[in-house]
Amino acid sequence: MQFSKKLINWYSVNKRVLPWRETKNPYYIWLSEIILQQTQVKQGLPYYEAFVAQYPTVFDLANAEEREVLKLWQGLGYYSRARNLHASAKHVVNALKGEFPKTYKELLNLKGVGDYTASAIASICYNEPTAVVDGNVYRVLSRYFAICTPTNGSKGVKEFKLLAQELIDQDNPAEFNQAIMEFGATWCTPKNPKCISCVFQDSCLAFAHNKVEDYPVKIKSAKAKVKYFNFLVFISDDGNTIIERRKGKGIWQNLYQFPLVETKKAVDYTTFRNQIEQHHLLKNIPFKLSLYNSEAIVHKLSHQHLYTKFWIVNVNRLHAEGISVNDIEQFAVPVLIGKFIDAFNFK
DNA sequence: AAGTCGGGGCG
DNA sequence: CGCCCAGACTT
C-alpha cells in the first residue's frame, strides 16, 4: 500500500479527539494553528478553549483591545503570536469584510502566518493540496527515508517541503496533513518511538538500519546567554506599586513588569543599594530596601537564562504614577513576574 | 544563514 | 542538563 493511504488508515483508527477537529471554520482552524506553533497540544488546549469562549468570532477578536488579548495569552509564550493574531483579526474584519483568505498564497499575507500555517489552513479548510512541514513531519520523513540533511538549514527546509508535497494525498490533503503530524506526535516520537507496533516497520529505512533515534539531523543551536535581572517591587504606604509596559523589540513585548534594572553580573545588597540611589524613581526620597530572594531565581528561556532578584522597595509615596496592588492581576505579565506575584503576599 | 522569541515537559 | 514542541520574523 502507498505511504499516504497507509498513513490515513492509521489516522482513522488512532487520532485523538480534539475540538479543532470538529470544525472546518477557518477562524477556529487559524486560531488553533497559531496557538499550536512550537506548542504541544496539551499546553495549547486550554488556551484554545479560552479564546473560543472569549472571542467566538473573528469580529469579537478584532474588537478586543490588545492588552486584553495578551492577558488571555499570558503564560503561553511567544507573545508576538498574540499580537499578530489580533492584528490579523482586525485586517480580516476591516479589509476583507470578515472573510478569511481561501488560498495558500493569500493566507501567507496574514501576519503570523508562514508556510506551515498557510498550508494547514488551506488544506484543512479548503482542500488545497499544500503539504505541512512541522517538527513532526521532519522527524517522520527523515526516519522513513533515512535523510541526513539537517532539517533546520535552508537546504533541508526545501528538500522536506518538496518530499512532503510529493507524498500528500491529492484527494484528501486535510486528512493527510493532520495524519502525518498526529503520527509524529503520538507514535514516531523523539524519544522511545513505538517502532514495535508501527505500521511502517517493514518500510522505514531508519528502523531497518537500527538508527531511528539518529534522526532527524539538526544543526546545533547557540547556547543561551546569561542575564541578571533586578526588579524593583515598590510598595507605598497607601498600597500602591509601579509596573511598566515593556517596549522595544526584545522579549515580552507589550507585557508588564516591575521596573527592571539589568546588571552585568550578580549584585549583592550593598552594591545594588548604592547603584539605585541614582535611579530616577528613587532620587532624593527615603526608601527601605530589602531583598526578597537571597538566592537568584533562574528563569530559563530558549535563548536566555535570567538570574533574577526581586528587591522590595518601601517608600512613603510613589515618585511616579502607580497602581493599587489589588489591580495587579488585570495586567498581562511574564510567567517569571506572575510566579512572584502569586508567591508574594502584597497585603 | 543565523538570531530571536517562551514556557512546559521529558529522559 | 539538553532537547523538543502543529514556526514566524528580523537581521
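Below, read A as the first sequence line, B as the second, and so on, with proteins coming before strands; counting in each chain starts at 1. Just so it is clear, the values below take in all heavy atoms, side chains as well, and ignore hydrogens, waters and symmetry mates.
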Fill in: Pair Asn326(A)-Ser324(A), side chain to side chain donor-acceptor pair (under 3.5 Å): steps then yes or no
CA-CA 5 Å; Asn326(A) 300 313; Ser324(A) 168; 3.3 Å; yes

Discussion item. Nearest to the side chain of Gln38(A), heavy atoms from C-beta on, is which of dC5(C), dG8(B), dG11(B)?
Written reply: dC5(C)

Worksheet entry | dC5(C) phosphate, OP1 or OP2, under 4.0 Å from Lys218(A) side-chain N/O | yes

Worksheet item: So what does Lys155(A) touch, heavy atoms closer than 4.0 Å: a base, only the sugar-phosphate, or nothing?
Response: nothing

Worksheet item: Want to settle it: does Gln40(A) or Lys227(A) sit nearer the 5' end of DNA chain B, counting the closest nucleotide to each?
Response: Lys227(A)

Response to the item:
When Asn84(A) and Arg139(A) are each assigned the nearest nucleotide of DNA chain C, the 5'-most assignment goes to Arg139(A)

Practice prompt. Would you kindly give the CZ-to-C1' distance between Arg83(A) and dG6(B), to the nearest whole Å?
Written response: 12 Å

Worksheet item: Between Lys105(A) and Glu128(A), does at least one N-O distance fall below 4.0 Å, as a salt bridge requires?
Response: no

Item to complete: Could you check whether Gln253(A) gets within reach of a base, just the sugar-phosphate, or nothing at all, counting any heavy atom under 4.0 Å?
Response: nothing

Worksheet item: Would you say dG3(B) has OP1 or OP2 under 4.0 Å from some side-chain N or O of Lys225(A)?
Response: no

Fill in: Euclidean distance, atom NZ of residue Lys300(A) to atom P of dC10(B) [Å, nearest integer]
17 Å

Worksheet item: Roughly, in whole Å, what's the span from CG in Asp115(A) to P in dC9(C)?
Response: 11 Å

Worksheet item: So, do His86(A) and Glu66(A) sit near enough that their side-chain heavy atoms are less than 4.5 Å apart?
Response: yes

Worksheet item: Is the cationic atom of Arg273(A) (NZ for Lys, CZ for Arg) positioned less than 6.0 Å from the six-membered ring centroid of Phe287(A) and within 45 degrees of its normal?
Response: yes

Worksheet item: Under 4.0 Å between a side-chain N or O of Lys339(A) and OP1 or OP2 of dG7(B)?
Response: no

Discussion item. On DNA chain B, does the nearest nucleotide to Pro334(A) precede the nearest nucleotide to Lys42(A) from the 5' side, or the other way round? Give the residue.
Written reply: Pro334(A)

Worksheet entry | Phosphate OP1/OP2 of dC5(C) contacted by Gln37(A) side-chain N/O (<4.0 Å) | no

Fill in: P spacing across the pair dA6(C) / dG3(B), given as an integer number of angstrom
25 Å

Discussion item. By the 4.0 Å heavy-atom rule, please label Ile34(A) as base, sugar-phosphate, or nothing.
Written reply: nothing

Worksheet item: Would a distance-only check, ignoring hydrogens and angles, find a side-chain to backbone donor-acceptor pair under 3.5 Å from Ser236(A) to Asn240(A)?
Response: yes

Worksheet item: Which nucleotide sits closest to the side chain of Leu18(A): dT10(C), dA6(C), dG7(B)?
Response: dA6(C)

Discussion item. Without decimals, in angstroms, what is the distance between Leu336(A) CG and dG6(B) P?
Written reply: 12 Å

Item to complete: Round to a whole Å and report the spacing from CD1 of Ile251(A) to P of dC9(C).
Response: 20 Å

Fill in: Rounded distance (Å) that lies between atom C1' of dG8(B) and atom OH of Tyr78(A)
12 Å

Item to complete: Just call it for Trp73(A): base, sugar-phosphate, or nothing, with non-hydrogen atoms closer than 4.0 Å on any strand.
Response: nothing

Worksheet item: In whole angstroms, how far is the C1' atom of dG7(C) from the CG atom of Leu36(A)?
Response: 11 Å

Discussion item. Is the phosphate of dG7(B) approached by Trp252(A) (side-chain N or O, under 4.0 Å from OP1 or OP2)?
Written reply: yes

Discussion item. Closest-nucleotide mapping onto DNA chain C: is Gln43(A) or Gly114(A) further toward the 5' terminus? I mean the 5' end.
Written reply: Gln43(A)

Discussion item. Say we look at dC5(C) and dG6(B): how far apart would their C1' atoms be, to the nearest angstrom?
Written reply: 12 Å

Item to complete: Decide, yes or no, whether a salt bridge links Asp169(A) with Lys5(A) under the criterion of side-chain N to carboxylate O below 4.0 Å.
Response: yes

Worksheet item: Reckon Gly75(A) touches a base, only the sugar-phosphate, or nothing at all at heavy-atom distances under 4.0 Å?
Response: sugar-phosphate

Worksheet item: Rounded to whole angstroms, how far apart are NZ on Lys191(A) and P on dC10(B)?
Response: 14 Å

Discussion item. Regarding Gly184(A), tell me which of base, sugar-phosphate or nothing describes its non-hydrogen contacts under 4.0 Å with the strands shown.
Written reply: nothing

Item to complete: May I ask you to say what Val132(A) touches in the nucleic acid, namely base, sugar-phosphate or nothing, with a heavy-atom cut-off under 4.0 Å?
Response: nothing

Discussion item. Closest approach to the side chain of Thr39(A), judged atom by atom: which nucleotide of dA6(C), dG7(B), dG6(B) is it?
Written reply: dG6(B)

Fill in: Below 4.0 Å: OP1/OP2 of dG7(B) and any side-chain N or O of His299(A)
yes

Worksheet item: Would you say a side-chain N or O of Thr117(A) is under 4.0 Å from OP1 or OP2 of dA8(C)?
Response: yes

Worksheet item: What pairs of residues pass the side-chain hydrogen bond (donor to acceptor under 3.5 Å, both in side chains) test when at least one of them lies in residues 280-299 of chain A, not counting sequence neighbours?
Response: none

